[in-house]
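The structure appears below as structure tokens.
The chain is numbered in sequence order, starting from 1. Note that the structure is predicted; figures quoted are calculated from it, not measured.
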Amino acid sequence: LLACERQEPLEAEVHDVNALIRDFEPMLCRAGDRSTACEFKLAAGQLPALVDAPRFETTLLNLVVNAIDAMPEGGTVTIMTDTVDSDVEVTAALPAGSYVRISVADTGTGMPEHVRAQAFEPFFTTKPPGKGTGLGLSQVYGFIVQSGGDVVISSEEGRGTTIHLYLPAAEALEKGRVVTTASKVETVLLVEDEPDVLGLASE
């Protein structure tokens, strides 16, 4: 529930997203049965991002399990990574900048428009009673948004679903502080007529 409300206590550090996925690959591949194939198409090199590693792994597993559930007769789950550098808005919620994109695609049943519109709502599910809580995608969304990113669903009935996770790309780690190109720039007006207090407050 905290994840859904984007109030989870996160321990975010700079991690190579590709390395996290490779380390977690055996677990992801074991999530399905013999009718499910698991493919990985990871971008070359490192993809550093500021992220809570254990919760990122849980998020990936959540998406893979959802993808498998959408393929009752079997199919292929593909996990992909790449980078997005844009001078304009990347999504409706993300400003221009550099992002690491993680995509989980399936060859399953796909989502009709009304399901796609409600997919991130807590407790919304199309699964029969006892088969799901309706919290999977809402947890994914809450975690990614709290991490400074966004989630986008691309789906069509009968043609599968791809879920794209966007995380701000970390450019450097300097003196324990992460520098990201995707951070929103905001201005804070600080008003104080006492110079010493002003200096302390601004610091």
Side-chain angles (χ1 to χ4, degrees), residues 3-4 6 10 12 15-22 24-25 28 31 38-53 55-71 75-121 124 126 135-170 180-184:
C4 296
R6 288 166 267 168
L10 300 180
H15 291 280
D16 175 14
V17 170
N18 279 346
L20 290 179
I21 294 174
R22 289 191 190 98
F24 203 51
E25 182 176 332
L28 296 174
C38 195
E39 294 183 352
F40 294 83
K41 298 180 180 179
L42 307 184
Q46 295 184 341
L47 298 181
L50 182 65
V51 68
D52 184 309
R55 285 172 175 78
F56 176 73
E57 291 174 345
T58 300
T59 293
L60 268 186
L61 184 59
N62 222 326
L63 293 179
V64 169
V65 169
N66 270 5
I68 292 169
D69 287 345
M71 302 184 297
T76 302
V77 179
T78 305
I79 299 169
M80 301 164 280
T81 62
D82 63 347
T83 56
V84 176
D85 295 292
S86 178
D87 295 328
V88 296
E89 286 186 341
V90 176
T91 72
L94 292 182
S98 296
Y99 297 87
V100 174
R101 179 169 58 191
I102 306 98
S103 304
V104 178
D106 65 60
T107 56
T109 55
M111 299 182 190
E113 176 58 35
H114 74 279
V115 171
R116 191 162 63 248
Q118 294 180 272
F120 296 135
E121 294 179 10
F124 173 80
T126 58
L135 291 174
L137 285 180
S138 58
Q139 287 178 352
V140 168
Y141 180 78
F143 165 66
I144 295 297
V145 170
Q146 190 178 350
S147 300
D150 197 16
V151 185
V152 176
I153 298 177
S154 175
S155 185
E156 187 176 341
E157 281 192 271
R159 306 193 70 172
T161 298
T162 302
I163 297 182
H164 303 283
L165 311 179
Y166 292 85
L167 289 170
T180 65
T181 59
S183 299
K184 291 183 178 179

Side chain to side chain contact (heavy atoms under 4.5 Å, CB included) evaluation trace for T81 with F40:
CA-CA 9 Å; T81 62; F40 294 83; over 6 Å; no

Yes or no on side chain to side chain contact (heavy atoms under 4.5 Å, CB included) for L63 and L165, after CA distance, side-chain angles and deciding distance?
CA-CA 10 Å; L63 293 179; L165 311 179; 3.8 Å; yes

Set out, in order, the CA-CA distance, both residues' side-chain angles and the distance that settles side chain to side chain contact (heavy atoms under 4.5 Å, CB included) for F143 and V151, then state yes or no.
CA-CA 10 Å; F143 165 66; V151 185; over 6 Å; no

When you look at I163 and N66, which way does the side chain to side chain contact (heavy atoms under 4.5 Å, CB included) test go after all the steps?
CA-CA 11 Å; I163 297 182; N66 270 5; 5.8 Å; no

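Residue R22 holds its CZ atom at 5.5 Å from CG of L42, rounded to the nearest 0.5 Å. Once rounded to the nearest 0.5 Å, the distance linking CG of L94 with OH of Y166 reads 8.5 Å. From E157, atom CD reaches atom OG1 of T109 across 8.5 Å, with rounding to the nearest 0.5 Å. Atom-to-atom distance recorded for Q139:CD and T58:OG1 is 9.0 Å, nearest 0.5 angstrom.
A pairwise comparison of heavy atoms in M80 and A105 identifies CE-CB, 3.9 Å as the closest pair. Between H15 and L20 the shortest heavy-atom distance is CB-CD1, 3.7 Å. Between P168 and G148, the shortest heavy-atom contact is CG-O, 3.3 Å.
Within the 3.5 Å criterion, the main-chain N or O of A43 finds a donor-acceptor partner in the side chain of N18. Listed for the T107 side chain is a donor-acceptor partner under 3.5 Å among the backbone atoms of T76. With hydrogens and angles disregarded, a donor-acceptor distance shorter than 3.5 Å links the side chain of S155 to the backbone of G160. No side-chain donor-acceptor contact under 3.5 Å links S147 to the backbone of G149. The backbone N or O of P48 lies less than 3.5 Å from no partner atom in the side chain of D16, so there is not a single donor-acceptor pair.
Counting only heavy atoms from C-beta outward, the side chains of I21 and I102 approach each other to under 4.5 Å. In this structure the side chain of L50 never reaches within 4.5 angstrom of the side chain of L167, judged on heavy atoms. Looking only at side-chain heavy atoms (C-beta outward), E25 and I79 stay at 4.5 Å or farther from each other. Put simply, the side chain of L28 reaches to within 4.5 Å of the side chain of L61, judged on heavy atoms.
Residues in residues 136-152 take part in no salt bridge (charged side-chain N to carboxylate O under 4.0 Å, His left out) pair, two or more places apart or across chains. For the salt bridge (charged side-chain N to carboxylate O under 4.0 Å, His left out) condition, the pairs that include at least one residue of residues 99-112, sequence neighbours left out, are D82-R101.
For D52, the salt bridge (Lys or Arg N to Asp or Glu O under 4.0 Å) test picks out R55, with sequence neighbours left out.
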